[in-house]
Amino acid sequence: MTSDFAATKHLFDLPPGITYLDGNSLGPLPHATAARVARTVTEEWGQMLITGWNRAGWMDQPTRIGDRIARLIGAEAGHVVMGDTLSIKVYQALASCLELNHGRRVILSDSGNFPSDLYMAQGLCRTLGPEYSLKVVAPEDVAGAIDDSIAVTLITEVDYRTGRKHDMQALTARAHAKGALTIWDLAHSAGALPVDLKGCHVDFAVGCTYKYLNSGPGGPAFIYVAPRLAAKARPALSGWLGHEAPFAFDQDYRPGAGIERMRVGTPPILQLAALESALDIWDMVDLQDLRMASLALTDQFIAGVEAACPTLTLVTPRTHSERGSQVSFAHPEGYAIMQALIANGVIGDFRAPDILRFGFTPLYIDSADVARATQILTGIMARNLWDRPEFKRRAKVT
Ligand SMILES: *Cc1c(COP(=O)(O)O)cnc(C)c1O
């Protein structure tokens, strides 16, 4: 397949005059989504009422859409299910792994992981008791820290701050050699680069859909369990829709077949409709093409900014195999610089303490957008346009 990124760009509603380099945090709105959601609201909910669960296929949506996500992350069909938020899916995966690998009590993660992943691990350890602990090491020290005390590794493939990418294949093999299970968080991988869960023999994976996959604010997360574990993994969050027979209304929980057991409660049908419409665009895209386009965009931005803005320090790896689909620069006035950029029509974001973060999404960002963003950033840096009080006032969401 040859992906036509000029065509996919026209399938998004991008406000005029804005260069949007924050699709790694919240993907933009596809044209087709508003009508698609409206149809689900008026024709399905409005007309079918409760019969929509059967007639509109609402009840099967979490696994049906899970299969479409599976293609994007190299997973086997029938082993991905949608629901809840990513933090919840992290908790579920961790709890199942600790139970599967009983006898071991240490979760290993790294200091580049997103705080919510670490918080969920801390909360679970507190519930399980003082023998359980979370060990956090520097990203480059993960491989060396996997020893035979580790029950499970909880690693986010691409670091949300730096864009540094772990070697999924090598770390998974290392974990298995030491008897540990693996959970990969694909928050900054799904829709950002090719992922091969099956080929890497990953045990569990989780991710969100409102970033690179463009499902909209609050879009549901996904969870993958390897086929060899799907009938063994026991869900800690044993909700009724993960039960073997939800409508038997039994008093006691019995896990559903395979990945179905990772469902918890009522699926978010309106958000799933938005996600389904966004996934239609992904059907037009080959992930190897996406990766090549993404690396060309990030290379172009790195070269342009480094040539023109000597006070910005690149924190994203230069080596392609170690880079996700974002570029980050450090600067002590990073917050104010980002506010000045946004005021001038280039939207990225800021991550404490000093990181300017830019996401590159070939579906709707092209080389001309990168050139424009580079030029505006250069102007701001050359004339210290960020040095104004209104750019230094912190908003609630950065
Ligand atoms: C974005 C992100 C989250 C957010 O979790 P939610 O529960 O969806 O708010 C969690 N983990 C990682 C690694 C992320 O990048």
Side-chain angles (χ1 to χ4, degrees), residues 23-27 57-97 114 116-117 120 154-158 160 168 182-198 200 202-227 229-230 233 235-237 239 241-242 256-283 285 287:
N24 53 319
S25 207
L26 177 68
W58 292 345
M59 200 45 103
D60 298 328
Q61 264 196 1
T63 43
R64 195 157 42 80
I65 296 180
D67 282 345
R68 296 183 70 181
I69 301 280
R71 180 185 81 85
L72 301 175
I73 56 175
E76 300 88 339
H79 293 274
V80 176
V81 73
M82 313 305 300
D84 315 300
T85 74
L86 177 50
S87 304
I88 303 282
K89 283 348 219 182
V90 166
Y91 188 93
Q92 277 188 300
L94 277 173
S96 289
C97 287
F114 190 76
S116 199
D117 294 38
M120 295 313 275
L154 171 63
I155 306 292
T156 297
E157 187 186 17
V158 178
Y160 76 104
M168 181 183 284
T182 54
I183 302 169
W184 284 95
D185 188 327
L186 305 179
H188 299 277
S189 307
L193 39 92
V195 177
D196 186 10
L197 293 180
K198 179 172 183 253
C200 293
V202 166
D203 300 293
F204 285 68
V206 293
C208 48
T209 59
Y210 52 78
K211 292 173 181 164
Y212 290 89
L213 296 177
N214 314 313
S215 70
F222 62 84
I223 184 166
Y224 161 83
V225 183
L229 298 172
L237 301 176
L241 289 185
I259 195 69
E260 293 270 2
R261 66 185 57 186
M262 292 297 161
R263 294 175 66 160
V264 181
T266 304
I269 297 304
L270 302 183
Q271 296 275 185
L272 284 165
L275 170 59
E276 205 165 29
S277 126
L279 289 175
D280 288 344
I281 300 175
W282 285 101
D283 287 345
V285 174
L287 289 166

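As the structure is a computational prediction, the values presented were derived from the model and not from experiment.
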> Are Asp203 and Ile183 close enough that some pair of their side-chain heavy atoms sits under 4.5 Å apart?
Replying inline: no
>> I'd like to know if the side chain of Arg261 reaches the main chain of Leu241, judged simply by a donor and an acceptor atom lying under 3.5 Å from each other, with no hydrogens or angles considered.
In response: no
>> Nearest 0.5 angstrom please: Arg64 CZ to Leu272 CG, how far?
In response: 9.0 Å
>> Using every non-hydrogen atom in the two residues, find where Thr209 and Gly219 come nearest and quote the distance to one decimal.
In response: OG1-C, 3.6 Å
> So, do Leu154 and Val90 sit near enough that their side-chain heavy atoms are less than 4.5 Å apart?
Replying inline: yes
> If we only count heavy atoms from C-beta on, is the His79 to Pro227 side-chain gap below 4.5 Å?
Replying inline: yes
> For Ala93 and Val206, which heavy atoms make the closest approach, and how far apart are they?
Replying inline: CB-CG1, 4.3 Å
>> Regarding Asp117 and Lys89, does a basic nitrogen lie under 4.0 Å from an acidic carboxylate oxygen?
In response: no
>> Minimum heavy-atom separation for Ala95 and Ala236, please, with both atom names.
In response: CB-CB, 3.5 Å
>> Could you go through Lys198 and Asp196, starting from their C-alpha distance and side-chain angles, then the distance that decides it, and tell me whether this counts as side-chain contact (heavy atoms from CB on, under 4.5 Å)?
In response: CA-CA 6 Å; Lys198 179 172 183 253; Asp196 186 10; 4.2 Å; yes
> Of all heavy-atom pairs between Ile259 and Gly78, which one has the smallest distance, and what is that distance?
Replying inline: CG2-O, 3.3 Å
> Ala278 and Asn214: which non-hydrogen atoms are nearest, and at how many Å?
Replying inline: CB-O, 3.3 Å
>> Within this structure, what is the CZ-OG1 distance for the pair Phe114 and Thr156, rounded to the nearest 0.5 Å?
In response: 9.0 Å
> Under 3.5 Å, is there a donor-acceptor pair between the side chain of Arg68 and the main chain of Asp283?
Replying inline: no
>> Can you confirm whether Pro217 sits close enough to Leu26 that some side-chain heavy atom of one is under 4.5 Å from a side-chain heavy atom of the other?
In response: yes
> Can you name the closest pair of heavy atoms from Leu213 and Ala190 and give their distance?
Replying inline: CG-O, 3.9 Å
>> Would Asn24 and Lys211 count as a side-chain contact (heavy atoms from CB on, under 4.5 Å) here? Give the steps.
In response: CA-CA 5 Å; Asn24 53 319; Lys211 292 173 181 164; 5.6 Å; no
> side-chain contact (heavy atoms from CB on, under 4.5 Å) between Leu237 and Tyr91: does it pass, once the steps are laid out?
Replying inline: CA-CA 9 Å; Leu237 301 176; Tyr91 188 93; 4.1 Å; yes
>> A side-chain contact here means heavy atoms from C-beta on lying under 4.5 Å apart; do Phe222 and Leu86 qualify?
In response: no
> Side chain of Asp67, backbone of Ala77: donor and acceptor closer than 3.5 Å?
Replying inline: no
> Yes or no on side chain to side chain donor-acceptor pair (under 3.5 Å) for Tyr224 and Glu76, after CA distance, side-chain angles and deciding distance?
Replying inline: CA-CA 9 Å; Tyr224 161 83; Glu76 300 88 339; 2.8 Å; yes
> Out of curiosity, Leu186 CG to Leu72 CG, how far, rounded to the nearest 0.5 Å?
Replying inline: 11.0 Å
> Where the side chain of Thr63 meets the backbone of Asp60, is there a donor-acceptor pair that is under 3.5 Å apart?
Replying inline: yes
> Counting only N and O atoms by type, is there a donor-acceptor contact under 3.5 Å from the side chain of Glu157 to the main-chain atoms of Asp185?
Replying inline: no
> Taking atom CE of Met82 and atom CG of Leu275, what is their separation to the nearest 0.5 Å?
Replying inline: 5.0 Å
>> Rounded to the nearest 0.5 Å, what separates atom OH in Tyr160 from atom OG in Ser116?
In response: 10.5 Å
>> Quick one, Cys97 and Phe204 - any side-chain contact, counting heavy atoms below 4.5 Å?
In response: yes
>> So Trp282 and Leu287, do their side chains get closer than 4.5 Å, heavy atoms only?
In response: yes
> Could you walk me through whether Ile223 and Asp84 pass the side-chain contact (heavy atoms from CB on, under 4.5 Å) check?
Replying inline: CA-CA 10 Å; Ile223 184 166; Asp84 315 300; over 6 Å; no
> Tell me, do Val225 and Gln92 make a side-chain contact under 4.5 Å, heavy atoms counted?
Replying inline: no
>> What's the separation between atom CE in Met262 and atom OG in Ser96, rounded to the nearest 0.5 Å?
In response: 3.5 Å
